[in-house]
Each structure stands twice: as structure tokens, then as C-alpha cells.
Undergrad: 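Before I ask anything, let me first share the structure, which is written out below as C-alpha cells.
These numbers come from a predicted model, not from an experiment. This chain uses plain numbering: 1 for the first residue, then up along the sequence.
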Amino acid sequence: MRTKDELFRAAQREVAARRQRAVMQAEDARRAAFAAHPDLAAADDAQMHAGLALAKAAALGGDVEAARTALTQADAALADAAKAAGYDEAAFAPAFACPLCRDTGMYQGAPCRCVADIARRLRREEINAASPLGLCEFATFDVTRYPAEPEPELGMPVQAYMEKLLHFCENYAQKFGPQSGNLLFMGHAGLGKTHLALAIAGAVLDGGHDVLYASAAALAARLGREHFDFDSGDEWLTACQQADLLILDDLGTEYITPLTISVLYELINARMLANRPTVYTTNITDQSVFVARYTEKVASRMLGGCKIFKFFGADQRL
């Protein structure tokens, strides 16, 4: 799990490597063409010498106009030789993947959008490695699998309620920003909590925001190791604090220690102060259990700062 800055640097390195490959492939094609067509190689050599002669004339005060005319003639001779050999003007030009920045990573004095696209792809790969992100989309959330009968606690059919919740989540992802607020999905296992949370994550990623996903158990274990590894630093904690959206899945499955409580408090508090939304999911349905498990200080920040949705129905996995 990398921070936004680390992900951006990784994307820049990928763009630089892509540019180097394009340049090397173009040079290989050029060498192969010159080996096959000596006249083309000679015309290219003449053009190079004409260019050097013009530079020398400009620097040392020679006949610049004559040198410029000679270079123009050499350019034309090279174009004719290439055409005669069956090559067009772009045959030996590097085939850059991004037409805007030509794989430099910068466009009009700012990072090119291709760098951001790569960073989002790298983040999506990270999330996919830890979750079924690719399977969890709004379009694949089937509300017809929920009961059509009324639920006494809801006062309406579960299916209708889940359809409203689906639309709410779609709207949340579409309008996502620092003021979006936190969400808490609670309910028994297999009711679609993680599916909707990951659907939000995918849509928010597509919207150009940075998203992190972590299961509570994996996060607690990793942060515990980082805490006692003084050489590693708190990379995971920093990444989770900085993400535009954090998906913290399966609260209640982590091994609780005083350190876990301390780190959770630091993470939740830092994100609240920075107005960075978090989506939590949990199988815990009793808020008093939250307080008993996470302490009142942590539970109040999770429960009090969230819009809470309870999930109903039968286990969809079964």
C-alpha cells in the first residue's frame, strides 16, 4: 500500500521507462533500415554533417545562409532517399504512447494526465490484489436477490430499501468530494456491504480521486508490525491518512490490543480533521458492542461521524 506521493512517483517512473523504450525501438528500426539501404544511411550522414556545419557557422561566424541552404538540401535528399526505400516521414520517429507529453510526464508546465491515469491504474491493481474490486460494481449489485416482503424494523420491503441504498451509493460516488461524509455499513455476513463499498471505491477512482482499501484485520496486523519496526516508518498509516477515500472493511475481525485502539484513534481522528471521508463495513450490528470493543473515544468518532446503513436479508454468498 503506497501513499499518493509514492504512487505518483511510480507512475512517473513508468512513463519515463515507456519513453526510453519508444526511443530505443525507433533507433533499432533506424539502424535496421540503414543497414538494408546504404543510400539512406549516406543521406542521413550527409544531413547530420550539414546540421553540424550550420551550428559551427552560427557559433564561429561563418556563412550561415550557405550552411542553412545546404542543410535544407540535405533534408530534402534524406526525405527522397527514405521515400525511395519505402519509408514515410514518421518511420523512424519514436511511437510515444501519450500524444500530449510525448511520454515526458509533463504537459504545459504541469504533470500530464497520463501520469494520473497510470497512478489510478496502479492503485486499482493494489486494491484488486486485496479485494474483488473488479467484480464489485453498481451494475452487478442485484437488488432482486433481497426479500420483497416488508421488514418490521424498516417498515418497508427489504428489496425497496436496498434499491434506495444502491441509488444513494451511486450518487455518493458520483458527487464525491472532501465534504461527502463518512459511511458505515453494518449487517450480518454476505449481505452486500463490501460489494457496495468497493463499487463506491471503483467509481471514486474513475472520478480521479485516490482510494485505499484495507480489511481491518490486515490493517491492524500491518500497523502493529510497523510500530515495532523502527526502520520501516509508518507507511501504511500515512497512506491511509492521506487517501481521498479509505475503505475500511470488516471492522470487528481484527485482533484488538491497546496498540490497535491507539492506531485506529490516530487514523480516524486524522482523517476527520482533514475532511477525508471513510467508508466502514462491519458485521457488528449492536452499537453498544462497538463501544465495548473500541472504547467510547474511538466508537464515538466512528459512529458519530457516519451516516449509518443497516443491511437486511439472507446471506447472498450462500
Undergrad: Once ring pair (Phe, Tyr, Trp, His ring centres under 6.0 Å) is applied, what residue pairs with a partner in residues 283-308 remain, sequence neighbours excluded?
TA: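 Pairs touching residues 283-308 that pass the test: Phe290-Tyr294.
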Undergrad: If you round to the nearest 0.5 Å, how far is NE2 of His49 from NZ of Lys56?
TA: 11.0 Å
Undergrad: Supply the atom-to-atom distance Asn182 CG to Lys307 NZ, rounded to the nearest 0.5 angstrom.
TA: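 Asn182 atom CG to Lys307 atom NZ measures 11.5 Å (nearest 0.5 Å).
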Undergrad: Any heavy-atom pair between the side chains of Asn275 and Gln179 that's under 4.5 Å?
TA: yes
Undergrad: Please give the remaining members of the hydrophobic cluster of Leu273, linking ILVMFWY side chains under 4.5 Å, ordered by chain and number.
TA: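 When side chains under 4.5 Å apart are linked, Leu273 ends up in no cluster with other residues.
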Undergrad: Does Tyr161 reach the side chain of Phe311, with side-chain heavy atoms less than 4.5 Å apart?
TA: no
Undergrad: Provide the closest heavy-atom pair for Gly252 versus Arg293 in the form atom of the first, atom of the second, distance.
TA: O-NH2, 3.2 Å
Undergrad: Would you say the ring centers of Phe312 and His188 fall short of 6.0 Å from each other?
TA: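 Not under 6.0 Å, so no.
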Undergrad: Less than 4.5 Å apart, side chain to side chain, heavy atoms only: is that true for Val298 and Thr295?
TA: yes
Undergrad: Any heavy-atom pair between the side chains of Leu184 and Met302 that's under 4.5 Å?
TA: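 No - every pair of side-chain heavy atoms lies 4.5 Å or more apart.
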Undergrad: Say whether Ser215 and Asp250, considering side chains only, have a donor N or O and an acceptor N or O under 3.5 Å apart.
TA: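 No - no donor-acceptor pair under 3.5 Å links their side chains.
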Undergrad: Return the CG to CZ distance between Leu122 and Arg2, rounded to the nearest 0.5 Å.
TA: 5.5 Å
Undergrad: Decide yes or no on salt bridge (Lys or Arg N to Asp or Glu O under 4.0 Å) for Lys4 and Asp244, but give the supporting numbers first.
TA: CA-CA 9 Å; Lys4 286 193 286 187; Asp244 298 330; 3.1 Å; yes
Undergrad: Listed by chain and number, what are the salt bridge (charged side-chain N to carboxylate O under 4.0 Å, His left out) partners of Glu125, not counting sequence neighbours?
TA: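 Expected list: Arg121.
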Undergrad: Is it true that Asp142 and Thr144 share a donor-acceptor pair across their side chains at a distance under 3.5 Å?
TA: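 A donor-acceptor contact under 3.5 Å links the two side chains.
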Undergrad: Pairs under 3.5 angstrom only: tabulate donor-acceptor contacts from the side chains of residues 90-110 to other protein residues two or more places apart or in another chain.
TA:
unit_1, atom_1, unit_2, atom_2, d
Asp103, OD1, Arg18, NE, 3.4
Asp103, OD1, Arg18, NH2, 3.3
Asp103, OD1, Ala97, N, 3.4
Asp103, OD1, Cys98, N, 3.0
Asp103, OD2, Ala97, N, 3.0
Thr104, OG1, Cys101, O, 2.8
Thr104, OG1, Met106, N, 3.3
Thr104, OG1, Met106, O, 3.1

Undergrad: For Phe141, check ring-ring contact (aromatic ring centres under 6.0 Å, His included) against everything at least two apart and list the hits.
TA: Tyr146, His195
Undergrad: Under a single-linkage definition using a 4.5 Å side-chain heavy-atom cutoff for Ile, Leu, Val, Met, Phe, Trp and Tyr, are Leu165 and Val204 assigned to the same hydrophobic cluster?
TA: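 Yes, same cluster.
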Undergrad: Mind checking the CD1-CG spacing from Ile200 to Asn171? Nearest 0.5 Å is all I need.
TA: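 Here the interatomic distance stands at 10.5 Å.
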Undergrad: Are more than 12 heavy atoms from other residues, nucleotides or ligands located less than 6.0 Å from atom CE of Met24?
TA: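 Count not over threshold, so no.
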Undergrad: Indicate yes or no: at least one non-hydrogen side-chain atom of Leu237 is less than 4.5 angstrom from one of Leu267.
TA: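 A side-chain contact exists here, since the closest heavy-atom pair is under 4.5 Å.
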Undergrad: Hey, any chance Ile127 and Trp236 share a hydrophobic cluster, counting ILVMFWY side chains that come within less than 4.5 Å of each other, even indirectly?
TA: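 No, no single cluster joins them.
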Undergrad: Hey, any chance Leu154 and Ile308 share a hydrophobic cluster, counting ILVMFWY side chains that come within less than 4.5 Å of each other, even indirectly?
TA: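 No, because Leu154 and Ile308 fall into different hydrophobic clusters, even though each may have its own neighbours under 4.5 Å.
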Undergrad: Apply the hydrophobic cluster definition, ILVMFWY joined by side-chain contacts under 4.5 Å directly or through others, and give me every member besides Leu54.
TA: Val64, Leu71
Undergrad: With a 3.5 Å cut-off and sequence neighbours excluded, list the donor-acceptor pairs that the side chains of residues 255-264 form with protein atoms.
TA:
unit_1, atom_1, unit_2, atom_2, d
Thr257, OG1, Leu259, N, 3.3
Thr257, OG1, Thr260, N, 3.1
Thr257, OG1, Thr260, OG1, 3.0
Thr260, OG1, Tyr255, O, 3.1
Thr260, OG1, Thr257, N, 3.3

Undergrad: For a 4.5 angstrom cut-off between non-hydrogen side-chain atoms, does Arg9 reach Glu6?
TA: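 Heavy-atom side-chain distance check passes, below 4.5 Å.
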Undergrad: Sequence neighbours excluded, which residues qualify as salt bridge (charged side-chain N to carboxylate O under 4.0 Å, His left out) partners of Glu151?
TA: none
Undergrad: Walk me through whether Lys83 and Asp80 qualify under salt bridge (Lys or Arg N to Asp or Glu O under 4.0 Å).
TA: CA-CA 5 Å; Lys83 186 176 181 180; Asp80 290 341; over 6 Å; no
Undergrad: Could you go step by step and tell me if Thr3 and Asp5 meet the side chain to side chain donor-acceptor pair (under 3.5 Å) rule?
TA: CA-CA 5 Å; Thr3 65; Asp5 289 343; 5.3 Å; no
Undergrad: Compare every heavy atom of Cys169 with every heavy atom of Phe138, then report the nearest pair and how far apart it is.
TA: CZ-O, 3.6 Å
Undergrad: Take atom CD in Gln20; do more than 12 heavy atoms of anything else shown fall under 6.0 Å from it?
TA: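 No, not enclosed.
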Undergrad: Applying ring-ring contact (aromatic ring centres under 6.0 Å, His included), name anything that partners Tyr280, two or more places apart in sequence or on another chain.
TA: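 Not a single residue meets the ring-ring contact (aromatic ring centres under 6.0 Å, His included) criterion with Tyr280.
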Undergrad: Going by side-chain contact (heavy atoms from CB on, under 4.5 Å), name the residues that satisfy it together with Asp28, two or more places apart in sequence or in a different chain.
TA: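 Expected list: Arg31.
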Undergrad: List in chain and number order the residues that pass side-chain contact (heavy atoms from CB on, under 4.5 Å) with Glu149, two or more places apart in sequence or in another chain; answer none if no residue qualifies.
TA: Pro147
Undergrad: With the threshold set at 4.0 Å, does a side-chain nitrogen-carboxylate oxygen contact exist between Asp249 and Lys193?
TA: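 Salt bridge between Asp249 and Lys193, a charged N being under 4.0 Å from a carboxylate O: no.
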Undergrad: Considering only heavy atoms from C-beta outward, does the side chain of Thr278 approach that of Leu245 to under 4.5 Å?
TA: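 Not in contact.
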Undergrad: Would you please indicate if the ring centroids of His209 and Phe176 are separated by under 6.0 Å?
TA: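 Between His209 and Phe176, the centre distance is under 6.0 Å.
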Undergrad: Return the set of residues passing side-chain contact (heavy atoms from CB on, under 4.5 Å) with Ala243 (not counting sequence neighbours), or none when no residue passes.
TA: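 If we apply the side-chain contact (heavy atoms from CB on, under 4.5 Å) test to Ala243, skipping adjacent residues, the hits are Asp210, Leu212, Arg271.
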